[in-house]
Amino acid sequence: MTTKTSDTQTGKPNHFLPLILDVAVPIGAYYLLKDGFGMSTFAALAWSSVVPAVRTAWTAVTERVVNGIAGLILVVNVVSLALGFVSGDPRLMLAKDSAVSSTVGIGILVSVALGRPMMTAGLKPFLVKNAAHEAAWGRLMDGTAAASADFRRKERVFSTVWGGVLLAECVVRIVGAFTVPVDTMVWLGSVVLVAAVGTGIVVGGAFGAGPMERMLSAEAEAGAAAGGEPRAVEPALAA
């Protein structure tokens, strides 16, 4: 019997490619240029902004849309470059680090308000596991499935949670920068960031990604039963 390989499995790297180009490349380039090649923070930020700038311009010209993630990373870098001129006071230097979180958080919340939740691009590859899920995702997103409204609501919740968490992390780090001893805040800032990411994963999963995954699986099963779509074949468990 011939086993059909799902479109999602074979094309999965394509889902991650935008995130790699828009997020991983500029962030990785920044640290490589700064720590690996010894560039100044300003120069590293400037050069690492090239990829998101090109991506934003390219999609705007060829697809007539603004690449949300690439544009956001570009804005973050521009804000960081502007704040890079703030020097002298170590507390101000600590406070400016929170500008990245606040800019990303605000960008995510704005995308929710505009009806295009930004976190969906990163979430989809983890939820869509096979061709049946891909088809179910399409129905849930275009409104043809019974659970579409609830699915889209959870999609907005997921991005809202992450936007809120990042803004909260920003506030905590700013308060800490001006109230906690500088030597303590240098390492405490990283702890706050890790805690914020952990909170986003747990809360976003409980109220957004988890329910979305269950609805997606239910819709995939319903589509297979009603329309003859290929049912997802789970690997057999060892006895």
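Quick note: residue numbers are just sequence positions, from 1.
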**Complete:** Under a side-chain separation threshold of 4.5 Å, the hydrophobic residues clustered together with Val161 are Val157, Val165, Val203, Phe207

Of all heavy-atom pairs between [X] and [Y], which one has the smallest distance, and what is that distance?
X: Ser102; Y: Cys170; value: CB-SG, 3.3 Å
X: Leu167; Y: Leu109; value: CD1-CD1, 3.4 Å
X: Val128; Y: Glu134; value: CG1-OE1, 3.4 Å

Considering residues at least two apart in sequence or located in another chain, which fulfil the side-chain contact (heavy atoms from CB on, under 4.5 Å) criterion with [X]?
X: Leu33; answer: Phe37, Met39, Ala44, Trp47
X: Val175; answer: Val171, Thr179
X: Val202; answer: none

**Message:** Hydrophobic clusters here meaning ILVMFWY residues chained together by side-chain heavy-atom distances under 4.5 Å, can you tell me if Met212 and Val112 are in one?
**Reply:**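 Different hydrophobic clusters.
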
**Item:** Linked, directly or transitively: Val194 and Trp162 (ILVMFWY side chains, under 4.5 Å)
**Value:** no

When rounded to the nearest 0.5 angstrom, what is the spacing between [atom1] in [X] and [atom2] in [Y]?
X: Leu216; Y: Lys124; atom1: CG; atom2: NZ; result: 10.0 Å
X: Glu219; Y: His133; atom1: CD; atom2: NE2; result: 10.5 Å
X: Lys154; Y: Thr160; atom1: NZ; atom2: OG1; result: 11.5 Å

List in chain and number order the residues that pass side-chain hydrogen bond (donor to acceptor under 3.5 Å, both in side chains) with [X], two or more places apart in sequence or in another chain; answer none if no residue qualifies.
X: Glu213; value: Lys129
X: Ser159; value: none
X: Arg156; value: none

**Request:** Can you run down the salt bridge (Lys or Arg N to Asp or Glu O under 4.0 Å) pairs that involve residues 193-212, sequence neighbours left out, and say none if there aren't any?
**Result:** none

**Request:** Could you name each residue pair satisfying side chain to side chain donor-acceptor pair (under 3.5 Å) that touches residues 198-209, not counting sequence neighbours?
**Result:**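 Every candidate side chain to side chain donor-acceptor pair (under 3.5 Å) pair involving residues 198-209 fails, so no pair, neighbours aside, qualifies.
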
For residues 141-150, tabulate all N or O donor-acceptor pairs below 3.5 Å that involve a side-chain atom, not counting sequence neighbours.
residue : atom : partner : partner atom : Å
Asp142  : OD1  : Thr144  : N            : 3.0
Asp142  : OD1  : Thr144  : OG1          : 2.7
Thr144  : OG1  : Arg139  : O            : 3.4
Ser148  : OG   : Arg139  : O            : 3.2
Ser148  : OG   : Leu140  : O            : 3.1
Ser148  : OG   : Ala145  : N            : 3.2
Ser148  : OG   : Ala145  : O            : 2.9
Asp150  : OD1  : Arg153  : NH2          : 3.0

**Asked** Looking at residues at least two apart in the chain, or sitting in another chain, which of them share a salt bridge (charged side-chain N to carboxylate O under 4.0 Å, His left out) with Arg214?
**Response** none

